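Quick notes on the structure that follows.
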Amino acid sequence: MDASRLLLDASGEILILVDTRTMTIREANHTAVRLLGYTREALLGMHVIDIECALSDLFFWDEVLGQQGSGETEGAYRCADGSILRVLKVALPVGEGKNLYVVRSNPVEQRKRLEDEILEMSSRLSATLEATGDGILLIDSENAILNMNFRFSQMWALPKILLDSRDDGGIFDYLAGQIKPGQSGILISALHNLDADDNSFDTLQLHDGRVFELRSLPVRTGQRIIGRVHYYRDVTEQKKVEEKLRIAAFAFESQEGMLVTDAKMQILQANRAFSQITGYTGAEILGKTPNILSSGRHDAQFYQHMWTAINSDGAWEGEIWNKRKSGEIYPELLTITAIKNQDGVVSNYVATFRDITKSKAAEEEIKYLGLYDALTGLPNRRLLADRLQQALAASSRSGHEGALLFIDLDNFKTLNDTLGHDIGDILLQQVAQRLSSCVREGDSVARMGGDEFVVMLEELSHDPLDAAAQTEAVGHKILNTLSQPYQLSKYQYHSTPSIGATLFNDKHDAIDELFKQADIAMYQAKQAGRNALRFFDPKMQEVINNRAVLEGELHRALDNQQFQLYYQIQVDSMLCPVGAEALIRWIHPERGLVSPAQFIPLSEETGHILAIGQWVLETACAQLKAWESSPLTNTLTLSLNVSAKQFLQRNFVEQVHDTIERFEINPKLLKLEPTESLLMDDIEGVIITMNSLKEIGVQFALDDFGTGYSSLQYLKRLPLDQLKIDQSFVFNLATDSSDLAIVRTIIAMAHSLNLGVIAEGVETEQQRQLLLDIGCTHFQGYLFSKPVPVGQFEELLKL
Ligand code: C2E
Ligand code: MG
Ligand code: MG
């Protein structure tokens with residue numbers, strides 16, 4: 001195939017080579033073959049008249065050949081199938097011989113058909129698309145407006161004058177004028193990017209606030225783009241809705257947990273915060289009811305109130321305890337709102353809630369800070385005042401005294417000024433700890449602020465003087481404990497407190513008044529040279545002072561031989577003397593005779609009782625030895641009081657045994673009088689000790705019987721000889737029927753246990769007679785004699 005043939009075939013036009021000498025076809029290209037419908041072979045050698053069928057064709061050849069040049073005409077070919085193909089043709093001479101012409105033909109039909117197609121399409125479009133809500137504009141490839149629908153002109157409010165004039169340029173200018181500045185480029189590119197074929201759209205903002213979406217699509221015929229369709233859609237409302245939805249979605253994904261249920265309480269939707277708070281994912285709780293969050297902390301009534309509020313007011317808000325997936329129970333602030341449809345029927349419930357664990361904790365913290373001191377963790381003044389109020393009421397009821405001790409650290413300011421507040425704070429914390437270790441469980445330690453602390457003691461003795469002594473004991477413990485060296489960071493520090501104390505026992509006592517009293521006493525302690533304890537009540541102070549003096553003097557009393565034994569006679573039912581009780585007296589050089597009630601408890605506290613007890617035992621044994629020589633006295637028993645501390649000494653049995661041996665006395669005449677309170681502690685140990693002493697031959701009377709809590713069970717196991725009815729029952733025997741009943745019971749019990757029984761504190765004949773009547777056989781009391789020195793006692797026996 002030669003090159004000229006290739007070129008001919010590549011052309012989209014009909015090309016035919018005509019030999020004008022014979023007017024036959026010498027060559028035809030592909031397009032000719034395709035459009036005319038003949039084979040190439042059939043065409044070659046064919047006379048042009050065989051395919052040219054228009055009159056104009058004849059004139060054309062005349063013209064071309066006559067002028068010996070080129071020519072142009074609109075002619076027609078008869079195709080192989082008999083159809084007519086109208087063409088616009090040009091003939092040009094080829095080569096130099098001038099008898100070869102190339103005829104180039106373009107079918108006129110093609111363009112015409114296209115125009116018809118477009119018209120038809122646009123009319124179809126306008127028919128169908130008038131119905132749509134979009135504004136539609138159809139333009140051809142030159143941006144000439146082919147069509148527009150009514151909606152388009154309506155949307156843009158196209159002026160009638162433009163519509164009527166069909167001034168394309170004017171219309172596009174008008175459109176550009178309606179949209180906000182900076183957006184006209186969108187319009188321009190929509191018009192000029194003829195072959196842009198994506199499905200995207202642009203958004204046009206109009207001056208009047210409306211928003212249009214513009215979609216521009218090409219119109220094609222085969223491969224060719226012959227125009228574009230512009231779709232304009234008014235999305236103003238849609239955008240508004242979208243905005244609302246966006247806001248709603250944002251709100252839904254807020255920090256608050258949210259839950260939407262249907263009317264049957266089935267969960268439809270939950271937000272992220274819900275999952276974060278509860279631990280349940282959205283998928284897990286979908287279709288469930290909010291019951292799965294129930295903590296079980298609220299009763300049915302609570303939920304009933306809640307639902308009543310929702311049903312009547314449409315909403316409920318409150319704090320509620322719910323349960324996380326982990327099982328942890330937490331507080332939340334919950335709002336439940338009922339959503340009703342147009343008919344007023346509840347369609348949904350919306351619950352929003354906030355986890356208030358932290359704010360609750362903060363609330364607790366605030367409450368705590370309101371009542372406790374942040375530095376030491378001790379109760380503060382407010383809480384102490386509260387407790388004091390309760391303590392006053394309690395002491396009023398029980399009759400027990402209570403005490404307030406104000407404790408102020410000496411020279412604390414100096415420490416703060418020299419070593420700094422941080423070190424001062426450490427001291428305060430350590431003081432707080434030490435104070436707490438000084439008191440019993442029911443007592444309170446509080447910090448009033450600064451270096452002031454308060455200790456409140458409760459359930460002290462009924463007796464104010466004893467209570468003062470107890471308070472003093474605690475006060476001294478505090479003085480001692482707080483005076484121990486402190487390690488404050490790298491500093492060794494020595495501090496002392498000053499303590500002021502006051503007692504209380506009446507609910508009518510004013511709290512402020514008590515605080516003031518303790519405070520005044522504390523200043524007195526400071527004035528006394530610090531590191532001291534002072535009582536507000538001068539009488540108390542005197543008692544305490546006395547005790548302090550006594551304690552010092554007690555120390556020397558034994559050495560100085562200031563003790564003496566007095567003897568009180570004991571008689572039987574016939575008033576015959578059967579024995580005596582030895583009662584110790586302290587013959588003080590200045591005070592005179594000091595009663596054991598004053599110094600025995602003190603000596604028990606200080607431990608002096610052991611030495612004193614030994615002295616009593618020796619003195620008593622010496623006396624028994626002396627009495628052996630006289631028939632008046634050689635059968636008398638001698639009773640000795642033994643304190644629990646003494647009795648519980650490890651070598652007590654040995655001591656008694658040794659002393660008896662040493663004085664060579666009859667052990668049967670020695671009677672030990674432990675009190676019932678001894679049996680409160682180590683009962684088994686006491687039984688063993690008593691049995692050992694019993695083996696030696698010593699007798700036992702249980703003193704102050706009836707004031708303690710002896711069970712019959714234990715009494716049976718003790719090797720006792722006698723019960724001693726406490727004098728408190730004897731005093732009111734004539735007037736108090738319940739005392740009489742108790743005494744009667746004690747006597748009956750003694751008999752049943754085969755024990756002797758003696759009544760002490762018998763002051764009147766009436767008491768003696770009553771006791772005798774109910775079976776008491778032995779007596780002791782002022783009726784017979786007061787406790788007297790041994791000389792007077794022996795005189796008594798002679799009467
Ligand atoms: P206690 O052993 O119960 O002694 C009886 C107390 O009642 C004695 O008081 C005695 O003087 C007193 N008394 C006796 N008859 C009557 C009476 O008819 N009416 C009244 N109102 N009182 C009467 P005292 O001598 O002051 O002793 C008090 C307590 O001191 C004793 O109570 C005893 O527990 C203790 N005590 C005395 N001497 C010693 C001792 O040597 N060692 C020990 N450990 N305690 C002793
Ligand atoms: Mg006694
Ligand atoms: Mg007694």
Side-chain angles (χ1 to χ4, degrees), residues 403 438 460-461 463-481 483 499 501 525 528-529 531-535 537-568 581-623 638-652 655-656 659 672-675 677-678 703-704 786-790:
C438 286
L460 299 176
S461 168
D463 175 42
L465 297 184
D466 284 350
Q470 290 171 315
T471 305
E472 201 231 358
V474 177
H476 274 290
K477 195 169 170 192
I478 292 173
L479 280 174
N480 184 42
T481 309
S483 313
I499 306 177
N531 194 16
L533 167 73
R534 283 292 175 276
F535 273 85
D537 186 342
K539 245 190 334 206
M540 300 296 166
Q541 192 55 52
E542 203 185 298
V543 170
I544 299 309
N545 287 350
N546 262 337
R547 270 174 63 94
V549 173
L550 273 186
E551 198 185 320
E553 292 175 343
L554 203 53
H555 216 63
R556 294 181 295 273
L558 259 186
D559 295 343
N560 295 347
Q561 300 183 353
Q562 292 171 355
F563 292 118
Q564 196 180 333
L565 279 190
Y566 274 34
Y567 298 85
Q568 187 174 33
E581 177 175 9
L583 294 158
I584 193 169
R585 295 293 179 261
W586 182 3
I587 315 297
H588 194 279
E590 288 108 43
R591 294 169 208 265
L593 195 142
V594 183
S595 115
Q598 272 180 283
F599 68 87
I600 291 289
L602 184 65
S603 64
E604 281 176 338
E605 267 172 45
T606 58
H608 288 116
I609 191 67
L610 302 182
I612 293 172
Q614 183 56 31
W615 176 84
V616 170
L617 182 62
E618 287 173 8
T619 311
C621 287
Q623 194 57 62
L638 187 53
S639 298
L640 303 186
N641 294 289
V642 205
S643 95
K645 237 188 174 147
Q646 217 181 330
F647 203 94
L648 295 172
Q649 286 177 98
R650 261 195 306 113
N651 58 349
F652 183 62
Q655 270 181 34
V656 175
T659 313
L672 298 183
E673 278 193 14
T675 59
S677 62
L678 175 70
D703 205 355
D704 301 346
K786 288 198 168 184
V788 288
V790 69

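This one's a predicted model, so the numbers in the text were calculated from it and none came from an experiment.
Within the 4.5 Å cutoff, no side-chain heavy atoms of Asp703 are placed close to those of Val642. No side-chain heavy atom of Pro787 sits under 4.5 Å from any side-chain heavy atom of Glu581. Considering only heavy atoms from C-beta on, Glu553 comes within 4.5 Å of Trp586 through its side chain. Between Thr606 and Phe599, every side-chain heavy-atom pair lies at or beyond the 4.5 Å cut-off. Contact annotation: the side chain of Thr659 approaches that of Gln614 to within less than 4.5 Å [non-hydrogen atoms, C-beta and beyond].
Residues Glu551 and Leu602 approach most closely at N-CD2, 3.7 Å, considering heavy atoms. Residues Ala501 and Leu533 come closest through the heavy atom pair CB-CD1, 4.1 Å. The shortest non-hydrogen separation linking Phe535 to Ala468 is CZ-O, 3.4 Å. Of all heavy-atom pairs between Pro601 and Pro596, the closest is CD-O, 3.6 Å. The minimum heavy-atom distance between Ile499 and Ala525, with the atom names listed, is O-CB, 3.5 Å. Of all heavy-atom pairs spanning Ala403 and Leu460, the tightest one is CB-CD1, 3.7 Å.
Within the structure, the ring pair (Phe, Tyr, Trp, His ring centres under 6.0 Å) test picks out the following pairs touching residues 602-622 (sequence neighbours left out): His555-His608.
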- Might you work through the side-chain contact (heavy atoms from CB on, under 4.5 Å) test for Tyr567 and Leu638, ending with a clear yes or no? CA-CA 9 Å; Tyr567 298 85; Leu638 187 53; 3.7 Å; yes
- Passes side-chain contact (heavy atoms from CB on, under 4.5 Å), Leu617 versus Gln646? Steps please. CA-CA 11 Å; Leu617 182 62; Gln646 217 181 330; 5.6 Å; no
- Message: For a side-chain contact (heavy atoms from CB on, under 4.5 Å) check, start with the C-alpha distance between Thr675 and Asn641, then their side-chain angles and the critical distance, and finish with the verdict.
- Response: CA-CA 8 Å; Thr675 59; Asn641 294 289; 5.9 Å; no
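A distance of 10.0 Å separates CZ in Arg534 from CD in Glu472, rounded to the nearest 0.5 Å. Taken to the nearest 0.5 Å, the CG atom of Leu565 stands 6.0 Å off from the CD1 atom of Ile584. Atom NZ of residue Lys645 and atom CD1 of residue Ile600 lie 12.5 Å apart, to the nearest 0.5 angstrom. Taking CZ of Phe652 as the reference point, atom CG of Leu672 lies at 5.5 Å (rounded to 0.5 Å). Of the inter-residue distances, the one linking Leu554 atom CG with Ser603 atom OG reads 5.5 Å to the nearest 0.5 angstrom. Atom OG in Ser639 sits 4.5 Å away from atom CD in Glu673 (nearest 0.5 Å).
Considering only residues two or more places apart in sequence or on other chains, Asp559 meets the side-chain hydrogen bond (donor to acceptor under 3.5 Å, both in side chains) condition with none of them. By the side-chain hydrogen bond (donor to acceptor under 3.5 Å, both in side chains) test, Thr619 pairs with no residue at all, sequence neighbours left out.
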